[in-house]
Amino acid sequence: MKLAIGNDHAGTDYKTKIAALLAEKGIEVLNFGTDGADSVDYPDFAHPTAKAVVEGNATFGILICGSGNGVAITANKYAQIRAALCWNVELATLAREHNDANVLCIPARFVDFETAAAMVVAFLETPFAGGRHQNRVAKISC
């Protein structure tokens, strides 16, 4: 599995730690995020992360910014992307199970790292339930 990850300055620390966690699990990480703390514009990193998922170069994406909102809004501009802003494990699980989300958005300033890491694991390990949810997901894109 390949995973695309993108972040702005608020998410650099989490991105680095999440990438290490994924590497330990044998997951290849495509790094589209900044590696510094200087202020940057989140769309510059959300777009290539979303494109990697859309183009099939990554199975899933993870986007991290201060609130998670900016990266989620940007990624959801792509018809094939279902980016979910999550702040706990239950929401990350439901995003995959019910919404077939393919990008997890993490608000680094509002969740601790342990929660963020647990959300990543839950997101990657939870399959889409299909069934009644498939019909709903099929109605999302414009």
A.B. asks: Under the side chain to side chain contact (heavy atoms under 4.5 Å, CB included) criterion, do N99 and F128 qualify, and how do the steps go?
C.D. replies: CA-CA 7 Å; N99 308 114; F128 176 48; over 6 Å; no

A.B. asks: Starting at CG of L91, measure out to CZ of F123 and round the result to the nearest 0.5 Å.
C.D. replies: 12.0 Å

A.B. asks: Which atom names give the shortest non-hydrogen contact between L22 and I62, and what distance separates them?
C.D. replies: CD1-CD1, 4.3 Å

A.B. asks: For G11 and A108, work out which heavy atoms get closest and say how close.
C.D. replies: CA-CB, 4.3 Å

A.B. asks: For H9 and V40, which heavy atoms make the closest approach, and how far apart are they?
C.D. replies: ND1-N, 3.1 Å

A.B. asks: Which atom names give the shortest non-hydrogen contact between A92 and L104, and what distance separates them?
C.D. replies: CB-CD1, 4.3 Å

A.B. asks: If you measure only the distance, is there a donor-acceptor pair under 3.5 Å linking the side chains of K15 and N31?
C.D. replies: yes

A.B. asks: Determine yes or no for a side-chain-to-main-chain donor-acceptor pair under 3.5 angstrom, with S141 supplying the side chain and A79 the backbone.
C.D. replies: yes

A.B. asks: In this structure, is the centre-to-centre distance between the rings of F32 and H47 below 6.0 Å?
C.D. replies: no

A.B. asks: Work out which heavy atom in A4 is nearest to a heavy atom in A58; give both atom names and the distance.
C.D. replies: N-CB, 3.6 Å

A.B. asks: Over all heavy atoms of both residues, which pair between A122 and V89 is shortest? Give the atoms and the distance, please.
C.D. replies: CB-CG1, 3.8 Å

A.B. asks: Test your reading of the model: is there a side-chain donor-acceptor pair from T115 to the backbone of V111, 3.5 Å cut-off?
C.D. replies: no

A.B. asks: Does any N or O in the side chain of R109 come within less than 3.5 Å of the main-chain N or O of S67, such that one atom is a donor and the other an acceptor?
C.D. replies: no

A.B. asks: Kindly say whether A10 contributes a backbone atom to a donor-acceptor pair with the side chain of D8 at under 3.5 angstrom?
C.D. replies: yes

A.B. asks: Check the pair L3 / L124 against side chain to side chain contact (heavy atoms under 4.5 Å, CB included), numbers first and verdict last.
C.D. replies: CA-CA 10 Å; L3 194 134; L124 297 178; 3.5 Å; yes

